[in-house]
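One structure is given below, encoded as structure tokens.
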2 protein chains.
Amino acid sequence: MSIYIEKNRRTKQLIQKSFMLILEKKSFESITIGDITKAAKINRGTFYLHFKDKYDLLEQIEQQLFSDLGTHIDDLQSQYSSTSTFKKEQEDLAVTLFQFIEIHSPMLRIFLSDRGRAGFHIRFRDAFSKKVRLNLEKNETFNERLKFPIEYFLSFITSAFLGLIEQWVQNGLDKTPQEMAMLYIDIISFIQNKE
Amino acid sequence: MSIYIEKNRRTKQLIQKSFMLILEKKSFESITIGDITKAAKINRGTFYLHFKDKYDLLEQIEQQLFSDLGTHIDDLQSQYSSTSTFKKEQEDLAVTLFQFIEIHSPMLRIFLSDRGRAGFHIRFRDAFSKKVRLNLEKNETFNERLKFPIEYFLSFITSAFLGLIEQWVQNGLDKTPQEMAMLYIDIISFIQNKE
DNA sequence: CTCAATTTTCAACATGTTGTTTAGTAACAT
DNA sequence: ATGTTACTAAACAACATGTTGAAAATTGAG
């Protein structure tokens, strides 16, 4: 019985492992069940014993990841004392998050870089980022003051914008463009002014 | 001859229009060429006279959108004088961007909300956002000081993080988690301290 | 160890989608 | 009229999907 579960899990993990390997070379959408089972050297039908479909497989892998992230943040928050400052907590959170990313980078590298399709947000960022870069690089003093690579600055700014955009659209455009721009400025100074 | 080109364009636009309509109800991946041509009341073969495949169709629509965004930003930048301040330019850019979003919101609502799949970044943000929210809401003074809806703050912060994460991973983890956390703080104060 | 029950694997099937191709039609230009 | 262009209709092979019934492997009970 124990070996059954072992075998069961082993096959399931084999499928997940093979899937992740293929995902390094092909986009998610272009991967077929056949690709996965061929790589795992099992019958295609066996796949359906473990997963509903390709999307279920991805979902299960992602959920393990998210659950792991939740644990990391919970651990951090349990250490907070009443004397912790906002800024310190922000920094700790940042460290925790980036540490988590580092640990899971093999998997995240694949998920975050899948340009197969669906990567609309990536292409949107690229298009927007290119424009902002041109604007910034004309500014002489800008590059001198910069303590960090410009691509990080661009990723930060364009993603933050995209986040606000997504929320705005999701809220059914509950604000005017001017209000949104003000919101953007306010959030920046809010973050900065917290001591 | 002129009417021929009319016919051609009309069919192509009809396909694009039908596609966008279907996209409001079904996810991109689940839409078949047959769905589109059936809705457009044209032969399936005709689709292939205008587009290579489903992805080509999406790409062409997106490219029109991005090209339009580029024009908007170009227009703005041509108005900059040597006396413009960084902060003013930032604000103008924000206004221009959000105005653009407003104009194209019907299309963007669909693109940005397609959870069909590929929406990994969305699910990642949700998972991370949930944790940050819990942490923030424990802070009494936080909610009082807030001039804007918390969901916007969360979208901003989590997206900005995600942007840095994507860049970091893309750069092959060229920094330590601590450096990344510092980078995050530095960018915030850099933006804020620009006058 | 043996064997029946259970679990896992597999080959084959029906179904549906894709992209291509062929032949034919209709509208227009020269 | 003749040729060109844009589309239609139907058929095609190639391939992917999810299911099923039979076979094989693994297990615990006797």
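Letters A, B, ... mirror the listed sequences (proteins, then strands); counts begin at 1. Nothing here was measured: the structure is a model prediction, and the numbers come from that model. Values reported hereafter were calculated over all heavy atoms of this structure, with side chains retained and with hydrogens, waters and symmetry mates removed.
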Please report, rounded to the nearest Å, how far the P atom of D/dT8 is from the NE2 atom of B/His50. 8 Å
Any donor-acceptor N/O pair, A/Asp53 side chain to A/Tyr55 backbone, under 3.5 Å: yes
Can you check the A/Phe51 CZ to D/dG18 P distance for me, whole Å? 14 Å
Could you check how far NZ of B/Lys12 sits from P of D/dC7, rounded to whole Å? 11 Å
Can you confirm whether more than 12 heavy atoms, excluding those of A/Met20, are under 6.0 Å from its CE atom? yes
Could you state the atom-to-atom distance from CG of B/Asn43 to P of C/dG24 in whole Å? 16 Å
Could you tell me the separation between the CD atom of A/Glu29 and the P atom of D/dT17, rounded to a whole number of Å? 11 Å
Measure the distance from CD1 on A/Ile31 to P on D/dT17 and round it to the nearest whole Å. 11 Å
Check whether NZ of the Lys or CZ of the Arg A/Lys52 lies under 6.0 Å from the centre of the six-membered ring of A/Phe47 and within 45 degrees of that ring's axis. no
Regarding A/Gln60 and A/Asp56, is there a side-chain donor-to-acceptor distance under 3.5 Å anywhere? yes
Tell me what B/Thr46 touches on the nucleic acid: a base, only sugar-phosphate, or nothing, going by heavy atoms under 4.0 Å. base
Can you check the B/Tyr48 OH to C/dT22 P distance for me, whole Å? 17 Å
5'-most contact on DNA chain D: A/Gly45 or A/Asp35, nearest heavy atom basis? A/Asp35
Position toward the 5' end of DNA chain C (nearest nucleotide), A/Arg44 or A/Leu49: A/Leu49
Could you check how far CZ of B/Phe47 sits from P of C/dT18, rounded to whole Å? 9 Å
B/Asp53 has its side chain closest, among C/dG19, C/dT18, D/dG18, to C/dG19
Quick note, B/Thr11 side chain, CB onward, closest among D/dC7, C/dT8, C/dT18 is D/dC7
